Amino acid sequence: IFMVDSKDEITTNDQELAKNIRLLEKPYQLVVNKVDNQKDDSNNFRFYDLGLGDPIFISAEHGRNIGDLLDSIESELPAIDDGINNNNYINLSITGMPNVGKSSLVNCLIKKEKSIVTNIAGTTRDAIDSYIKYFNDDFRLIDTAGIRKRSKLLDEIEYYSIVRSYRAIDESDISAVVIDVSKGFNKQDRNIVSYVIDKGKGLLLVLNKWDLIEKDGYTLDNIKQDIIYSYPILEYYPMLFISVKNNLRVRDVLKFSKEIFYERQRKIQTSDLNRFLEKVIRKYPPPSSSGKFLKIKYMTQISAKPPLFALYCNFPHLFSVNYKRYIENQLRDAFGFIGTPLRISFRKK
């Protein structure tokens, strides 16, 4: 794109640049900027003298004819077929707060310096895709911008970077939420984890910078228990303690992500579920509510990714949240589903 200012006359530098562009044998487009309305177009035909074909008259300030410019650019681009179908990959987003080591982790996994790594938080502005193979599985790794509290955003660029980070989570099968273990599990870490779970994505907690921790034989278990105490649902999600700096257990991120991926798409036969349901109800029958005797008739799995279970009963709206959690906990104890959210729906029968 060769852009000129409509307010200026053609200079010898313009003519020399235009000559060089013609010699490149590449597609080009002459753009005349600061043409705020259509009546000004006729005053700028002198730019045909540059020999670069039909100019497009735009106003970058007011957005005039920007669509025409984009159409012109698109028409010159070759059709792109990179042969990549993301449906054939395990889509793993690497997310978390700024400066926890996300880009360093991706670089370590792919063994390339693809993402910028500095001590300055926020150097990753966009989601960056990388493709690697781990044993028989193909992974798409998505390095995302750090997600900080909205009240602490520095500018609009960072805001839209975070929007793209959330979009990367939406597109992924699993999110590895990276946490700086030296700073602990804080409220913003919990917010990110909650978003991943609410979206039904597989979740792996990656506690980085393990090398900075003074530890004994109980440190790891104590940290795990502290995290679970602050957010009990995380009892059912893997926690991996790593040090990207020392390349400690880094490849286990792929190992755990692979296990979560296959757990997330498991389906349990209806006959097995109803044998399970019989035992669960015998152990703890649904408590009566509003003078109604609650009864669950049968149970089935409707879908996977994430697993959705339907329990058909007489009064769906009277089942308490606590009883739903009881069913979920028993499901996990019986069938696993480590690292994946479960959806449980009580329905009228």
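In this text, all values refer to a predicted model and were calculated from it rather than measured experimentally. All heavy atoms count here, side chains included; hydrogens, waters and symmetry mates do not.
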Between [X] and [Y], is any side-chain donor less than 3.5 angstrom from a side-chain acceptor?
| X | Y | result |
| --- | --- | --- |
| Ser93 | Thr144 | no |
| Tyr195 | Asp170 | yes |
| Tyr89 | Asp129 | no |
| Gln225 | Asn222 | no |
| Ser182 | Asp180 | yes |

Check: [X] side chain, [Y] main-chain N or O, donor-acceptor pair, under 3.5 Å:
| X | Y | value |
| --- | --- | --- |
| Asn33 | Ala60 | yes |
| Arg46 | Glu9 | no |
| Gln269 | Ser271 | no |
| Ser6 | Lys34 | yes |
| Lys297 | Asn314 | no |
| Asn246 | Leu248 | no |
| Arg264 | Gly200 | yes |
| Asp14 | Ile10 | no |
| Asn208 | Val178 | no |
| Ser175 | Ile169 | no |

Got a second to check how far [X]'s [atom1] is from [Y]'s [atom2], nearest 0.5 Å?
| X | Y | atom1 | atom2 | value |
| --- | --- | --- | --- | --- |
| Asn274 | Ile268 | CG | CD1 | 12.5 Å |
| Ile327 | Phe319 | CD1 | CZ | 8.0 Å |
| Ile90 | Ser172 | CD1 | OG | 12.0 Å |
| Thr11 | Asp5 | OG1 | CG | 11.0 Å |
| Leu109 | Leu141 | CG | CG | 6.0 Å |
| Gln265 | Glu263 | CD | CD | 10.0 Å |

If we only count heavy atoms from C-beta on, is the [X] to [Y] side-chain gap below 4.5 Å?
| X | Y | value |
| --- | --- | --- |
| Ile344 | Leu331 | yes |
| Thr95 | Ile142 | no |
| Pro306 | Leu342 | no |
| Pro307 | Thr340 | yes |
| Lys283 | Gln330 | yes |
| Asn329 | Tyr236 | yes |
| Ser130 | Val106 | yes |
| Ile56 | Val32 | no |

**OP:** Please name all residues satisfying side-chain contact (heavy atoms from CB on, under 4.5 Å) with Ile73, sequence neighbours left out, ordered by chain then number.
**Re:** Ile1, Leu69, Leu77

Subject >> Pair Tyr28-Glu76, side chain to side chain contact (heavy atoms under 4.5 Å, CB included): steps then yes or no >> reply: CA-CA 9 Å; Tyr28 53 77; Glu76 295 292 347; over 6 Å; no

**OP:** Sort out for me which residue in Val206, Asn91, Leu92 forms a side chain to side chain contact (heavy atoms under 4.5 Å, CB included) with Ser257.
**Re:** Leu92

Subject >> Option from Ile227, Leu203, Ile233 for which side chain to side chain contact (heavy atoms under 4.5 Å, CB included) with Val193 holds >> reply: Leu203

Quick one: closest heavy-atom pair of [X] and [Y], and the distance?
| X | Y | result |
| --- | --- | --- |
| Arg332 | Pro341 | NH2-CA, 3.8 Å |
| Pro238 | Ile260 | CG-CD1, 3.9 Å |
| Leu273 | Phe335 | CD2-CE1, 4.0 Å |
| Val250 | Ser243 | CG2-O, 3.9 Å |
| Gly96 | Lys102 | N-CD, 3.4 Å |
| Gln29 | Asp54 | NE2-O, 3.0 Å |

Centres of the [X] and [Y] rings: under 6.0 Å?
| X | Y | value |
| --- | --- | --- |
| Phe309 | Phe337 | yes |
| Tyr131 | Phe139 | no |
| Phe315 | Phe293 | no |

**OP:** Start with the C-alpha gap between Lys324 and Glu328, add the side-chain angles, then the distance that decides, and say whether salt bridge (charged side-chain N to carboxylate O under 4.0 Å, His left out) holds.
**Re:** CA-CA 6 Å; Lys324 180 179 177 181; Glu328 178 179 341; over 6 Å; no

With a sphere of 6.0 Å drawn around [atom1] of [X], does it hold more than 12 non-hydrogen atoms of other residues, nucleotides or ligands?
| X | atom1 | result |
| --- | --- | --- |
| Lys19 | NZ | no |
| Glu74 | CD | no |
| Tyr229 | OH | no |
| Arg266 | CZ | yes |

Original post:
Any idea how Tyr298 and Tyr312 line up, ring-wise: parallel (<30°), tilted (30 to 60°), or perpendicular (>60°)?
Top reply: parallel

**OP:** Assign the ring pair Tyr326 / Tyr323 to parallel, tilted or perpendicular, where the plane angle (0 to 90°) is split at 30° and 60°.
**Re:** tilted

**OP:** List the steps, then state whether side chain to side chain donor-acceptor pair (under 3.5 Å) holds for Asp216 with Thr219.
**Re:** CA-CA 5 Å; Asp216 55 30; Thr219 306; 3.1 Å; yes

Original post:
Same cluster for Ile302 and Met299 if Ile/Leu/Val/Met/Phe/Trp/Tyr side chains link at under 4.5 Å?
Top reply: no

**OP:** Treat each ILVMFWY residue as a node, draw an edge where side-chain heavy atoms are under 4.5 Å apart, and state whether Val31 and Leu50 are in one component.
**Re:** no

**OP:** Show your working on side chain to side chain contact (heavy atoms under 4.5 Å, CB included) between Ile58 and Arg64 and close with a plain yes or no.
**Re:** CA-CA 5 Å; Ile58 72 165; Arg64 178 173 181 255; 5.7 Å; no

**OP:** Tell me, please, whether Tyr134 has Arg140 positioned over its six-membered ring: NZ or CZ under 6.0 Å from the ring centre and within 45 degrees of its axis?
**Re:** no

Subject >> Check ion pair Arg167-Glu171 (N to O, under 4.0 angstrom) >> reply: no

Subject >> Derivation of the side chain to side chain contact (heavy atoms under 4.5 Å, CB included) call for Trp210 and Ile223 >> reply: CA-CA 11 Å; Trp210 186 236; Ile223 293 174; 3.7 Å; yes

